Amino acid sequence: MNPIITAFERSPDGGKGLARDTRVRWALEEVGQPYDVRLVSFQALKEPAHLALTPFGQIPTFENGNFTLFESGAIVLHIAEHYEGLLPKDSVARTRAITWMFAALNTVEPPILDLVTANIFEGDKPWAQERTPLVKDRIRVRLRQLSSYLEGADWLDGAFSAGDLMMVSVLLRLRMSGMLDEYPSLAAYVSRGEARPAYRRAFAAQLAVNAPAS
Ligand code: GTB
């Protein structure tokens, strides 16, 4: 039986692949594990059947018949540990790759989420115009650090890993702001991630659900 993940019945991004099911789809594609998707409406997210999977009423979740998971980081880590292809075998290299997953989620993603909050959810508040440049500067600190760490490397720590999958997924949220283009090596890093066949299959799968009807 294939694992089942949940995704938005219709993502507000209209198919840009920014909702967090895309990173889970990408991980499953990288390891070659077929999966099924249960699409959930915003209303159904908060109903008992879905709340039994996650107390937070969000996507993505993961079910494999034996157990269920929520939190995209935990799901991607489970996939990377359970199947081959996303974590090195050497234990130190493996821990470093997992460290990069945490860095993506705990160090790089928070200011990026603050920008979404400042621009979209609180964009009409009186403080929004003053706040946005401050949040952008906090993002730039991380982008500068990451860009100088990467230097000319293709990936964060040797071969592509779950750490890169998570970091690219997090950085993609910045694409529309134009901020990635201020750091050409990071823009190239993200493009390398997007060019991977597994990412393209994951993107196409979510697009098939979310593309606006023409
Ligand atoms: N920490 C959790 C994880 O990593 O899994 C966060 C999960 C989460 O934020 N899920 C969001 C959700 O279910 C979807 S991904 N929201 C509904 C709710 O909370 O009621 C966040 C997201 C949503 C929309 C866009 N977009 O339209 O661009 C991008 C990302």
Side-chain angles (χ1 to χ4, degrees), residues 3-30 35 37-64 67-82 86 98-124 132 135 139 142 162-180 190 193-194 199 202-213:
I4 304 168
I5 67 166
T6 52
F8 282 139
E9 186 177 61
R10 183 146 292 250
S11 175
D13 74 1
K16 293 192 177 68
L18 299 177
R20 287 179 176 87
D21 59 296
T22 303
R23 56 186 71 169
V24 173
R25 293 173 185 269
W26 185 6
L28 288 162
E29 292 287 354
E30 287 284 350
Y35 60 97
V37 184
R38 189 165 60 249
L39 300 175
V40 189
S41 67
F42 276 98
Q43 188 189 324
L45 283 177
K46 310 302 176 202
E47 289 173 356
H50 193 73
L51 291 173
L53 300 173
T54 160
F56 305 118
Q58 296 185 313
I59 61 97
T61 59
F62 176 97
E63 297 151 65
N64 79 351
F67 64 94
T68 63
L69 291 173
F70 58 96
E71 285 297 326
S72 60
I75 298 170
V76 170
L77 179 58
H78 166 73
I79 294 165
E81 290 198 306
H82 192 75
L86 279 172
I98 294 170
T99 300
W100 278 113
M101 290 183 66
F102 278 91
L105 295 172
N106 267 357
T107 304
V108 178
E109 193 170 47
I112 295 176
L113 295 181
D114 280 351
L115 185 64
V116 176
T117 302
N119 283 348
I120 298 176
F121 300 117
E122 295 171 0
D124 59 345
T132 299
V135 176
I139 296 173
R142 295 295 177 237
D164 293 293
L165 184 152
M166 201 54 85
M167 190 64 81
V168 168
S169 299
V170 161
L171 292 174
L172 271 168
R173 196 85 188 261
L174 279 180
R175 163 76 37 84
M176 277 188 306
S177 73
M179 291 180 74
L180 271 182
V190 170
E194 288 176 294
Y199 176 83
F203 184 88
Q206 67 74 36
L207 184 64
V209 175
N210 294 307

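Basis for what follows: all heavy atoms, side chains included, without hydrogens, waters or symmetry-related copies. Whatever order the structure lists ligands and atoms in, that order sets their numbers, starting from 1. In this text, all values refer to a predicted model and were calculated from it rather than measured experimentally.
- Among protein heavy atoms, the minimum distance from atom 5 (O) of ligand 1 is reached at Ser72 N, 2.8 Å.
- Atom 17 (C) of ligand 1 has Leu45 CD1, 3.8 Å as its closest protein atom, hydrogens excluded (heavy atom only).
- Note that CD1 of Ile4 is 9.5 Å distant from CG of Leu53, once rounded to the nearest 0.5 Å.
- Distances below 4.0 Å separate heavy atoms of Pro12 from the following atoms of ligand 1: 27 (O).
- Looking at Glu71, Arg173, Glu109, Met166 and measuring to atom 25 (C) of ligand 1, the nearest heavy atom belongs to Arg173.
- Separating the CD atom in Glu30 from the CD1 atom in Ile79 is a distance of 11.0 Å, to the nearest 0.5 Å.
- Aromatic ring pairs are classed by plane angle as parallel below 30°, tilted from 30° to 60° and perpendicular above 60°; the pair His78 and Phe62 is perpendicular.
- Atoms of ligand 1 lying under 4.0 Å from at least one heavy atom of Pro60, given by number and element, are 5 (O).
- Summary of contacts: the protein heavy atom closest to atom 27 (O) of ligand 1 is Asp13 N, 3.1 Å.
- Shortest contact from atom 19 (O) of ligand 1 to any protein heavy atom: Gln58 NE2, 3.1 Å.
- The CZ atom of Phe42 sits 4.0 Å away from the CZ atom of Phe8 when rounded to the nearest 0.5 Å.
- Among protein heavy atoms, the minimum distance from atom 13 (O) of ligand 1 is reached at Ile59 N, 2.9 Å.
- Thr6 is not listed as a side-chain neighbour of Asp21, based on a closest heavy-atom distance of 4.5 Å or more.
- How far NZ of Lys16 is from CZ of Arg173: 11.5 Å, rounded to the nearest 0.5 Å.
- Arg20 NH1, 2.7 Å is the protein heavy atom nearest to atom 9 (O) of ligand 1.
- The nearest heavy-atom contact from the protein to atom 18 (C) of ligand 1 is Lys46 NZ, 3.5 Å.
- Contact between Phe8 and ligand 1 is present, with at least one heavy atom of the residue lying under 4.0 Å from the ligand.
- Distance check, rounded to the nearest 0.5 Å: CZ of Arg142 to CE of Met179 gives 12.5 Å.
- When the options Leu165, Leu171, Asp164 are evaluated for a side-chain contact (heavy atoms from CB on, under 4.5 Å) with Met167, the one that passes is Leu171.
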